[in-house]
> 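What follows is a single structure, and I will ask about it in a moment.
What you see is a predicted model, and the numbers here were worked out from it, not measured in a lab. Scope of the values below: all heavy atoms of this structure, side chains included, with no hydrogens, waters or symmetry mates.
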Amino acid sequence: MPDAHSNGASLPALRHTAAHVLAYAVQELFPDAKPTIGPAIENGFYYDFDRGEPFTPDDLVRLEERMRKIIAADYEMTGQTVTRDEAIARFAGNPYKVELAEAIPDGEPVTLYTIGDFTDLCRGGHADRTGEIGAVKLTSVAGAYWRGDEHNPMLQRIYGTAWHTPAELDGYLTQIEEAQKRDHRKLGVELDLFSIEEDAGGGLVFWHPKGAIVRGLIEEFIRTGLRERGYLPVVTPHVVSEKLYEISGHLENYAHGMFGALEVEEQRFRLKPMNCPGHILIYRGQPHSYRELPIRYSEFGTVYRFERSGVLHGLTRVRGFTQDDAHIFCTPEQLQGEFEQTLDEALRLMKAFGFSDFEYFLSTREEALRADTDAIAEDAIRRALERYELPYQLDEGGGAFYGPKLDINVRDAIGRKWQLGTVQVDFNLPERFELKYRGADGLDHRPVMIHRALAGSLERFFGILIEHYGGAFPAWLAPVQAVVTPISENQVGYAREVAARLSGMGFRVSVDESNEKLGYKIRHWKTQKVPYILVVGKQEAADNTVNVNERSVEEKRTISVSEFAEELKRKVDTRG
RNA sequence: GCCGACGUAGCUCAGUGGUAGAGCAGCCGCUUCGUAAGCGGCAGGCCCGGGGUUCAAGUCCCCGCGUCGGCUCCA
């Protein structure tokens, strides 16, 4: 999307200007509030204020009105360069601005920008006049720590959005509504897929039958890929002695993300936060020859991680989840090839689930943790990406504590980005657990590990799929693929026959035997987003046919039951 | 965890100090119906929990719990 408007400021400049307008309005209506910072953000802007009392929704309405007046007055945005001392003197009553001014490096200009009676310390990047803001709306208030640090005082943040024209604002608001309609938490209730139960605690997911069916299909898809690529299934305990995580280093590096210890017979146990140590124990249990490698262990491993209550969110941020986890133990020579096949499988998976737009991030370890082997690992990742000609971005310091990693992000049907698969190279845990294999030279060598989860967490993956498809799962994934719907009670018998035939072929089919008119039943199943409604009346019962009402297809067709079965089979086989 | 908003029937929500309501969903009956809501009836509530104010609290105050929006975007 182009930023530049035909005759005016870019959107970020426009929004940054709107932030100044907001601060101006606040200065007029709430003179005691101290402005701090107010940048443009992805879809709008915010401004943080230090004020004793929080802003109320009512305050937002008043501020928005005042902002419109400031915009209508069409003030010019004028800048001036001052010395740092002048700036500090000027904002003497505002410790935040003083702190900001003091932090400006020597040699960089210190600039002030003014609209009307409001002057702000600001680096610039604005529209020329407030009148260029065609549409503005304040969206929410929230607490936010000064500089994002929870040890700092909490400020009041006002969020807003600004656009060149009211039509663009409307478009944005419509888009938000669309996203809300797709919210997996809402659809989870409406389609009876899953729930999170207050009496069980936050972040713990209950999969209802319809959700569990979809999960089973996802697992089946993944399992098939693993089998074809030579992975061996393993299953490991959910609770193990804390000792294991002392050896693995998780306790040292990851304790903040683990549930507290359970004490039994004076031994301390932990819920497993990761599957790797368990898989390592299996590998370590017996000697290995280079001839056996690579060894690939896979598990739908359920892990528990402590997340602060405030960050839990539906299926996408939870405390208990199941990873499609696997660990590859291989020789350094095999690393490259194993990494490539993993990447290949990741793409196969994401394409099957309807994603086509990917981004790749190579995350390196933070400087303090880096070892000689990091370069080898990063090189393997880089070469795999180049081999598939995939462009990637570098995230320095974003890697796991045991090594660098590749993350794959996808864009969903309405353009939002999600982080999905992750593949990590690990020279560290084999060292900690003293893993070895006997080489052709008769000596012991250290294997390399690859950690990989392609869907990531099944919970999160499911949540993303719900939003991606807006609840309308394609036929191969739909928990109910077809509902046979008799027009009157007289066709219930035939409807049951049709359903029995289709179920016998392995399809997921139900019969609507409710005492309602056809229109009611159609509406019901449409809102349930069932891919096929098979209407059967007197005519169909006589001809051994069904009238196919296909989701999001206007045209209805009457075809034989076996023709329908073939069509559905074709859909399922092609994942349509 | 911190800031704010919210918490009333399975769901969506009304009720703002004086006898707890609606729509949808559910159940029962009538209707037997041709592609997005047929009609009638019944049932359904620790108004999140605890404390307080008041003659009287779903409503006001305090303390918890939960949900939601933020707390990464840097003058």
> Roughly how many Å apart are B:C28 and B:A43, using the C1' atom of each and rounding to a whole number?
10 Å
> Have a look at A:His313 and say if it touches a base, only the backbone sugar-phosphate, or nothing, with a 4.0 Å heavy-atom cut-off.
sugar-phosphate
> Does A:Arg185 put a side-chain nitrogen or oxygen below 4.0 Å from OP1 or OP2 of B:C68?
yes
> Without decimals, in angstroms, what is the distance between A:Leu312 CG and B:G70 P?
14 Å
> NA contact type, A:Glu99, heavy-atom cut-off 4.0 Å: base, sugar-phosphate, or nothing?
nothing
> Could you tell me the separation between the NE2 atom of A:His184 and the C1' atom of B:U67, rounded to a whole number of Å?
13 Å
> Under 4.0 angstrom, heavy atoms only, what part of the nucleic acid is A:Pro109 near: base, sugar-phosphate, or nothing?
base
> Hey, does A:Asn547 reach any base, or is it just sugar-phosphate, or nothing, if we go heavy atoms under 4.0 Å?
base
> Taking atom CD as the centre, does A:Gln80 end up with more than 12 heavy-atom neighbours from other residues, nucleotides or ligands that are less than 6.0 angstrom away?
yes
> Regarding A:Lys186 and A:Glu190, does a basic nitrogen lie under 4.0 Å from an acidic carboxylate oxygen?
yes
> Is it true that A:Asp412 and A:Trp418 share a donor-acceptor pair across their side chains at a distance under 3.5 Å?
yes
> Whether A:Asp407 and A:Lys405 form a salt bridge (side-chain N of Lys/Arg under 4.0 Å from carboxylate O of Asp/Glu) is what I want to check.
yes
> Near A:Asp117 CG, under 6.0 Å, is it more than 12 heavy atoms from other residues, nucleotides or ligands?
no
> Quick one: label A:Asn490 by what it contacts on the DNA or RNA (base, sugar-phosphate, nothing), any heavy atom closer than 4.0 Å.
sugar-phosphate
> If we take the P atom in both B:C47 and B:U8, what is their distance in whole Å?
11 Å
> Across all strands shown, which nucleotide pairs with B:U19 by Watson-Crick or G-U wobble geometry, both distances under 3.5 Å?
none
> Is the phosphate of B:G69 approached by A:Tyr46 (side-chain N or O, under 4.0 Å from OP1 or OP2)?
no
> Measuring from the side chain of A:Arg123 (C-beta onward, heavy atoms only), which nucleotide among B:U35, B:A36, B:C74 has the closest atom?
B:C74
> Counting the atoms with a prime plus P, OP1 and OP2 as sugar-phosphate, which does A:Thr139 contact under 4.0 Å by heavy atoms, base, sugar-phosphate, or nothing?
nothing
> Could you please name the partner base of B:A36, counting Watson-Crick and G-U wobble pairs only when both distances are under 3.5 Å?
none
> For A:Gly519, report the nucleic acid contact type (base, sugar-phosphate, nothing); a contact means any heavy atom under 4.0 Å.
sugar-phosphate
> Using the C1' atoms only, state how far B:C33 lies from B:G38, rounded to an integer number of Å.
9 Å
> Got a donor-acceptor pair under 3.5 Å from the side chain of A:Asn515 to the base of B:C33?
yes
> What's the closest nucleotide to the A:Met154 side chain, out of B:U35, B:C2, B:U32?
B:C2
> Which is more 5' along RNA chain B, the nucleotide nearest A:Gly38 or the one nearest A:Val141? Just name the residue.
A:Val141
> Students often get this wrong, so: under 4.0 angstrom with heavy atoms, is A:Gly202 touching a base, only sugar-phosphate, or nothing?
sugar-phosphate
> Partner lookup for B:A5, please. Criteria are Watson-Crick or G-U wobble with both distances under 3.5 angstrom; report none if nothing qualifies.
B:U67
> Given B:G1, B:G34, B:U32, which nucleotide is nearest the side-chain atoms of A:Gln539?
B:G34
> Which nucleotide in the set B:G69, B:U35, B:G70 lies at the smallest distance from any side-chain heavy atom of A:Tyr159?
B:G70
> Look at all strands and tell whether A:Lys97 reaches a base, only sugar-phosphate, or nothing, counting heavy atoms closer than 4.0 Å.
sugar-phosphate
> Return the value, rounded to whole Å, for the distance between atom CD1 of A:Ile176 and atom P of B:G70.
10 Å
> Give a yes or no on this: more than 12 heavy atoms of other residues, nucleotides or ligands lie within 6.0 Å of atom NZ of A:Lys538.
no
> Answer yes or no: does atom CD of A:Glu307 have more than 12 heavy-atom neighbours from other residues, nucleotides or ligands under 6.0 Å?
yes
> Hey, is the side chain of A:Tyr145 pairing donor to acceptor with the base of B:G1 inside 3.5 Å?
yes
> Considering only B:C74, B:G69, B:C73, which nucleotide approaches the side chain of A:Arg147 most closely?
B:C74
> Can you check whether any acceptor in the base of B:G70 is under 3.5 Å from a donor in the side chain of A:Gln156, or vice versa?
no
> Would you call A:Glu178 and A:Lys181 a salt bridge, using N to O less than 4.0 angstrom?
yes
> Please determine if a side-chain N or O atom of A:Tyr520 lies less than 4.0 Å away from the OP1 or OP2 oxygen of B:A25.
yes
> What integer number of Å spans the P atoms of B:U12 and B:G4?
25 Å
> B:G21 and B:C46: how far apart are their P atoms, nearest whole angstrom?
15 Å
> Rounding to an integer number of angstrom, what distance separates B:G15 and B:C6 when you compare their P atoms?
13 Å
> Side chain of A:Ile41 only, heavy atoms from C-beta on: which candidate in B:C73, B:C71, B:G69 is closest?
B:C73
> In Watson-Crick or G-U wobble terms, both distances under 3.5 Å, what is the partner of B:G58?
none
> Suppose we define a pair by two distances each less than 3.5 Å, Watson-Crick or G-U wobble; what does B:G26 pair with here?
B:C42
> Say you pick atom P in B:C42 and the same atom in B:A22; how far apart are they, in whole Å?
11 Å
> A:Ile487 or A:Phe55: which one's nearest nucleotide on RNA chain B is closer to the 5' end?
A:Phe55
> Side chain of A:Ile522 only, heavy atoms from C-beta on: which candidate in B:C74, B:G34, B:U35 is closest?
B:U35
> Please classify the nucleic acid contact of A:Glu540 as base, sugar-phosphate, or nothing, using heavy-atom distances under 4.0 Å.
base
> Between B:C65 and B:C48, how far apart are the C1' atoms? Round to whole Å, please.
7 Å
